[in-house]
Amino acid sequence: MADELRRDFAPPQVDVEEAGRAMEQFARGHSTEGRRVVLVTSGGTKVPLESRTVRFLDNFSSGRRGAASAEYFMQAGYAVIFLHRHRSLFPYNRRYSNQNWLDNLRLVPASGGEEPRLEAELNRLPGIVEVLEDYKRVKETGRMMALEYHTLSDYLHLLLAAARALNPLGSSAMFYLAAAVSDFYIPASEMPEHKIQSSSGPLQITMKMVPKMLSPLVKDWAPKAFVISFKLETDPQILIEKSRKALATYRHQVVVANILDTLRSYVMVVTNTEEAKLSVSDEEERSGIEIEDKIINDLTSRHTNFIEQTSSKQGL
C-alpha cells in the first residue's frame with residue numbers, strides 16, 4: 001500500500017517524514033507515562049483535478065464530530081493526535097465557530113502610559129471561561145498534537161505515518177477514524193498538468209476508487225490497536241447490515257453507525273457481538289450534553305476491555 005501511495009498519488013503538500021517523527025515522539029512520551037494515545041481523524045478531503053490545482057472535487061465535512069470527540073478523549077485521560085482538514089473545526093474553539101470573534105472583543109483605550117487592552121464580551125461567549133481553562137490544561141500537559149492535511153494525498157500519507165508511530169503502543173493505541181474520506185481520485189499520472197480549459201467543452205473525467213486504508217491499517221500497520229470506523233447512511237434499513245459487512249471485511253473492533261437525519265442525536269455502536277444504541281434527548285441537548293460525550297464514554301470502556309482481553313491472551 002505504501003508503494004501504491006507513492007506511485008498513484010500526487011506528492012503530499014506536508015512534510016510527512018517530519019510529522020511521522022513528531023507523532024512517534026509524542027506517542028512514545030505519553031505511553032511511557034502510562035497514558036493511552038488515540039488518533040482522531042476529522043474533516044473532509046479534497047481531490048485535485050489538475051497537477052497545478054485550480055479545480056478539485058470535495059466532500060467537505062465540518063469536522064464537528066472529530067473536534068468534539070477529541071475534547072472528550074482528553075477529558076477521559078487520553079493523549080490525542082488530532083489529524084484534521086485545514087480550516088475544519090478545532091477542539092475547544094469549535095464551540096464558537098459560528099461567531100465573528102471581532103464582535104466579541106472590546107478595545108479598552110490606553111491610559112497612564114499603558115498599552116490598550118482587549119476585553120472579551122463574556123455574555124456573547126457562553127462557557128468561555130471553562131473552555132479556556134480546559135484548553136490551557138491540555139496545552140500545559142502537552143496532551144494534544146494537531147496536524148493539518150489539505151488534500152486526499154496528504155491524509156493518506158499522514159494516516160500511514162500515524163499508524164507506524166502508534167504501532168509500538170500495541171493495544172493501548174486507538175484509531176478513531178471520523179474523517180470523511182473521498183471514495184474517488186485521479187491518479188497523478190492521468191492528471192492534466194495545467195488548468196482544464198472550459199473552451200474544450202463539457203468535462204468528462206474518469207476516477208479510480210481510493211484504496212481502502214482500513215484493511216492494511218488493521219492487518220499490517222497497527223495490528224494490535226483498537227480501531228473504530230464510521231458508517232453514515234441515509235437509509236436506516238441498510239445501516240446495520242453495512243456496518244456488519246465492514247466489520248467482517250476489515251476485522252476491526254467497532255463501527256459507529258449513524259443516519260444523516262439524526263447525526264447529532266443518535267448513533268449505533270456496532271461490534272461483532274452487539275449493537276448499542278446511544279442517544280441524546282431534547283432535555284439533555286438543552287442542558288449542553290453532546291452525543292460525542294456518550295460515544296467516547298462507551299468507546300473508552302470498550303478499549304479498557306480490549307486491553308484486558310489482549311493481555312489475558314498474551315498471558316500477562
Side-chain angles (χ1 to χ4, degrees), residues 13-14 38-48 53 55-75 78 80-104 124-128 131-132 134-135 138 144-156 158-159 162 175-185 210 213 228-234 239 255-269 278-280 282 284-286 288-296 299:
Q13 298 178 12
V14 295
V38 57
L39 173 77
V40 176
T41 68
S42 185
T45 54
K46 68 178 182 180
V47 178
T53 307
R55 298 183 177 91
F56 55 86
L57 295 181
D58 208 341
N59 65 334
F60 184 77
S61 162
S62 70
R64 178 189 178 278
R65 174 144 294 167
S69 298
E71 292 180 25
Y72 292 116
F73 272 121
M74 286 183 281
Q75 288 181 16
Y78 282 69
V80 174
I81 298 175
F82 185 61
L83 179 58
H84 65 107
R85 163 78 175 267
H86 177 61
R87 294 183 178 175
S88 63
L89 295 184
F90 198 81
Y92 303 104
N93 68 20
R94 53 110 186 169
R95 299 171 186 265
Y96 311 101
S97 62
N98 61 344
Q99 301 184 39
N100 182 346
W101 276 91
L102 295 179
D103 292 335
N104 302 325
R124 292 174 174 262
L125 300 167
I128 186 63
V131 170
L132 184 58
D134 285 345
Y135 178 70
V138 166
M144 183 173 71
M145 176 183 180
L147 292 171
E148 281 190 348
Y149 63 87
H150 294 259
T151 66
L152 173 65
S153 179
D154 292 349
Y155 173 82
L156 297 177
L158 286 170
L159 178 60
F175 291 81
Y176 184 85
L177 305 176
V181 183
S182 302
D183 291 316
F184 308 99
Y185 78 108
V210 172
M213 303 289 279
I228 298 101
S229 70
F230 284 75
K231 179 66 66 175
L232 174 67
E233 297 291 344
T234 57
L239 182 63
V255 173
V256 177
N258 35 211
I259 295 297
L260 182 62
D261 292 342
T262 55
L263 187 64
R264 297 191 178 186
S265 60
Y266 176 82
V267 302
M268 295 282 290
V269 178
L278 303 178
S279 63
V280 172
D282 292 342
E284 288 177 320
E285 188 173 356
R286 285 192 294 271
I289 295 176
E290 298 178 296
I291 189 66
E292 288 80 15
D293 189 5
K294 295 191 175 186
I295 293 172
I296 302 317
L299 293 178

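A donor-acceptor pair under 3.5 Å is formed between the side chain of S42 and the backbone N or O of G63. No side-chain donor-acceptor contact under 3.5 Å links D293 to the backbone of I289.
In terms of heavy-atom proximity, K294 sits nearest to L278 at O-CD1, 3.8 Å. Contact record, V256 with I228: CG2-CG2, 3.7 Å, taken as the closest heavy-atom pair. Shown here for S88 and S62, the closest heavy-atom pair between the two residues is CB-O, 3.5 Å. Closest non-hydrogen pair, A67 versus L89, comes out as CB-O, 3.6 Å. For T41 against A178, the heavy-atom pair with the smallest separation is OG1-N, 3.1 Å. Minimum interatomic distance between V80 and A70 (heavy atoms only, all atoms of both residues): CG2-O, 3.9 Å.
Taken to the nearest 0.5 Å, the CZ atom of F230 stands 5.5 Å off from the OG atom of S69. One finds the CE atom of M144 at 4.5 Å from the CE atom of M74 (value rounded to the nearest 0.5 Å). Rounding to the nearest 0.5 Å gives a distance of 11.5 Å between CD of Q99 and CG of N93. One distance of note links CZ of F175 with CD1 of I81; it measures 8.0 Å at 0.5 Å rounding. The CG atom of L83 lies 9.5 Å from the CG atom of L177; values are rounded to the nearest 0.5 Å. Here N258 contributes atom CG and R264 contributes atom CZ; the two are 12.0 Å apart, rounded to the nearest 0.5 Å.
Side-chain contact between H84 and E148: present, with at least one pair of heavy atoms (C-beta onward) separated by less than 4.5 Å. Taking 4.5 Å as the limit, some side-chain heavy atom of I296 sits within range of a side-chain heavy atom of Y176. Inter-residue side-chain proximity for V40 and F73 is flagged as met; some heavy-atom pair is nearer than 4.5 Å. Residues I259 and Y266 fail the side-chain proximity criterion, which asks for heavy atoms closer than 4.5 Å. Looking at Y96 and V131, their side chains come closer than 4.5 Å, going by heavy atoms from C-beta outward. Taking the side chain as every heavy atom from C-beta outward, E290 and R64 approach each other to under 4.5 Å. Proximity of R65 to L263: side-chain heavy atoms (C-beta onward) are separated by under 4.5 Å at one or more points. Counting heavy atoms from C-beta outward, V210 and L156 have side chains that approach closer than 4.5 Å.
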Exercise. Taking it one step at a time, do R85 and D58 satisfy side chain to side chain contact (heavy atoms under 4.5 Å, CB included)?
Worked result: CA-CA 12 Å; R85 163 78 175 267; D58 208 341; 3.0 Å; yes

For this session: Show your working on side chain to side chain contact (heavy atoms under 4.5 Å, CB included) between F56 and T151 and close with a plain yes or no.
Result: CA-CA 9 Å; F56 55 86; T151 66; over 6 Å; no

For this session: Dump the intermediate steps for side chain to side chain contact (heavy atoms under 4.5 Å, CB included) on Y92 and D134, then the final yes or no.
Result: CA-CA 8 Å; Y92 303 104; D134 285 345; 3.7 Å; yes

Exercise. Taking it one step at a time, do E292 and R94 satisfy salt bridge (Lys or Arg N to Asp or Glu O under 4.0 Å)?
Worked result: CA-CA 14 Å; E292 288 80 15; R94 53 110 186 169; 5.7 Å; no

For this session: Could you go through the side chain to side chain contact (heavy atoms under 4.5 Å, CB included) check for T45 and Y149 one step at a time?
Result: CA-CA 8 Å; T45 54; Y149 63 87; 3.7 Å; yes

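Remark: R55 CZ is packed, more than 12 non-hydrogen atoms of other residues, nucleotides or ligands lying under 6.0 Å away.
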